[in-house]
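This report concerns only the one structure given below.
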Amino acid sequence: MLLSIDDVFKIARLARLGLTEDEAQIAHSQLSSIFGLIAEMQAVDTHGIEPMSHAQDISQRLREDTVTETNQRELFQSAAPQVKNGLYLVPQVIE
Amino acid sequence: MHWEIVIGLEVHVQLSTCSKIFSGAPTAFGAEPNTQACAIDLALPGVLPMLNRGAVERAIKFGLSVGAHIAPRSVFSRKNYFYPDLPKGYQISQFDLPIVGQGSLTIQVPTGTNGQTYEKTVRITRAHLEEDAGKSLHEDIQGLTGIDLNRAGTPLLEIVSEPDMRSAAEAVSYARMLHTLVRWIGICDGNMQEGSFRCDANVSIRRPGKELGTRREIKNLNSFRFLQQAIEYEAQWQIDTLEGGGSIQQATVLFDTEKGETRSMRSKEDAQDYRYFPDPDLLPVVIDDEWIEQIRSSLPELPLSKQAHYTADFGLSAYDANTLTSSREMADFFEATLNEVPNEAKLCANWLMGDINASLNRQSLDITQCPISPRQLGCILKRIVDGTISSTAAKEVFKTLWSEGGEPDAIIDTKGLKQMSDTGAMEAMIEEIIASNPSQVAEYRNGKEKLFGFFAGLAMKASKGKANPAQMNEILKRKLAG
């Protein structure tokens, strides 16, 4: 698959990254080499092989449904730029 | 020309675990902002999600109760999008390997006349586990948005139906049945005001038999009334648009509950690219048959099976059976009452759906808070059946019992509500009525049979409502015939 410069800007927008034209050119060549590797992998014959969703072939351990965490709001909010009435404040978002 | 409305529902059911799906923070509703958001919920660096067994177990319970296949291996994926109430920048959800596969739900849809219903089976496409996001509060703070992450990480089961519903009434019946079911099997508290049960409706219209039309998705409907109104409004809007020569664009819309309108939120052009991929922090979930069978054996008898039992064995209508199985508590109350007066299912059903329900509704109580016990109600009904009291007197016993408590038999005695069963006394009373109304008696005997009601009224009044109506009518008829 050939990556266009427009694709690079789209990926950057999805990741909320602002790229200059120069940065986009660099990202383009780096991403293209990654896509090259993907193309190489996709060329491998995987017929009859069950896909894995994790690199390790083990299953998830489950946690019992009990409350183990206590309220540490003050500690957590001491690292926040702005808080009020217990809420984290962020620039206004309206759908 | 006729349009067919096509509806599919996505329902978010908040699972009733005490801790979150991937952390040990509590899930209780209504806590002070951010006091129930731990490091995992806040997405602090270096944390790892730990899957809650209780959430998986509830998902399996649901799957089994809709006859669905439980995936022996299912996978959690990241759904990527940016929003301040989603601190990780992705929601942990399931994509191509959900825990619950295809199932179905059979519903009774009211026709709108006389409590008649028809049956319909709605196919369930899948149900998957995911975490809820936090809440954004746009009011109060000028130019800023406040974020409360208490809800972040609360376990949700998203239940997706096929586009099988053809009217708002069918969609509401399906949603109600699902709401009944999740409470019945104890996986959700069903509290819609608190957001424990939220519906998204996909609505499109088409000419019958033709291909599906373009759908618009109405988000976040948290009451059955809004679900009904939103679908009706949206379908009419689509019909008007197409008939006016316009076209429908795929879009996400919100229902404005004040104006009763649907309004576009975002169109397909800015539809999100979620870039799902398996979450490397979570391994595949493996569910063995032993666990599934253990959960299966713990499931209570389901509403549908009870409904079938009520109609087949007790001779109740589908409507009655449906109402009596609206919750497990209701069904238990009904069965306990019936136990007191066996063979009187219809009588029990009528009182439960009539006087009991009306009195509960008046005081906004639910059946678990009913001041009258099944044994007490059963006792009143027993006294109707054995002829001790009339239905009218029974209502009085009921009212007294409801407001003052006590025992039905004692109330009957103190209030002197026993029916008159002394035929001699009743005959004498009726003879007196006949003697003091000679002209009406003559008219009656000349064929004006409508006057029977006049005599029956007098007799009932003379007995102070205590006469057994059947017995009284019989004597009255005999005496009037002369």
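Below, chain A is the first sequence line, B the second, and so on; all start at residue 1.
Environment of CD in B:E194: crowded, with over 12 heavy atoms of neighbouring residues, nucleotides or ligands closer than 6.0 Å. Surrounding CZ of B:R263 are at most 12 heavy atoms belonging to other residues, nucleotides or ligands under 6.0 Å away. Counting non-hydrogen atoms of other residues, nucleotides and ligands closer than 6.0 Å to CG of A:D57 gives a total of 12 or fewer.
Interface remark: B:Q36 contributes no atoms to any contact with chain A (heavy atom separation under 4.5 Å). Both the backbone and the side chain of B:P26 come within less than 4.5 Å of a heavy atom in chain A. Contacts between B:F22 and chain A at a heavy-atom distance below 4.5 Å involve the backbone alone (N, CA, C, O). The contact between B:S23 and chain A is made entirely by backbone atoms, counting heavy-atom distances below 4.5 Å. In this structure, the portion of B:K20 lying under 4.5 Å from any heavy atom of chain A is its backbone and not its side chain.
Atom CG in A:N85 sits 11.5 Å away from atom CG in B:D148 (nearest 0.5 Å). Rounded to the nearest 0.5 Å, atoms CG (A:L62) and CD (B:E57) are 10.5 Å apart. Distance check, rounded to the nearest 0.5 Å: CG of A:L14 to OH of B:Y274 gives 11.5 Å. Distance check: B:N34 CG to A:L87 CG gives 6.5 Å after rounding to the nearest 0.5 Å.
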**Message:** I'd like to know whether B:D273 forms a side chain to side chain contact (heavy atoms under 4.5 Å, CB included) with A:K10, so could you lay out the CA-CA distance, the side-chain angles of the two residues, the decisive distance to 0.1 Å, and finally the verdict.
**Reply:** CA-CA 10 Å; B:D273 180 348; A:K10 189 187 171 210; 3.4 Å; yes
**Message:** I'd like to know whether A:Q92 forms a side chain to side chain contact (heavy atoms under 4.5 Å, CB included) with B:L144, so could you lay out the CA-CA distance, the side-chain angles of the two residues, the decisive distance to 0.1 Å, and finally the verdict.
**Reply:** CA-CA 4 Å; A:Q92 194 161 41; B:L144 293 166; 5.8 Å; no
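The residue among B:L42, B:L44, B:V285 with the most heavy atom pairs within less than 4.5 Å of chain A is B:L42. Among B:N52, B:L149, B:I21, the residue with the largest count of heavy-atom pairs under 4.5 Å with chain A is B:N52. Top candidate by heavy-atom pairs under 4.5 Å with chain A, chosen from B:G134, B:A39, B:G54, B:S136, is B:A39. Between chain A and the residues B:A31, B:C38, B:P33, B:P278, the most heavy-atom pairs under 4.5 angstrom are made by B:P33. Top candidate by heavy-atom pairs under 4.5 Å with chain B, chosen from A:M52, A:R61, A:H54, A:R63, is A:R63.
Checking side-chain atoms of A:Q60 against main-chain N and O of B:L283 turns up a donor-acceptor pair under 3.5 Å.
Of all heavy-atom pairs spanning B:V286 and A:S59, the tightest one is CG2-CB, 3.4 Å.
Between the side chains of B:R73 and A:S53, at least one donor N or O sits under 3.5 Å from an acceptor N or O. Counting only N and O atoms by type, the side chains of B:S19 and A:D65 include a donor and acceptor under 3.5 Å apart.
Proximity to chain B among residues 71-80 of chain A is limited to A:N71, A:R73, A:F76, A:Q77, judged by heavy-atom separations below 4.5 angstrom.
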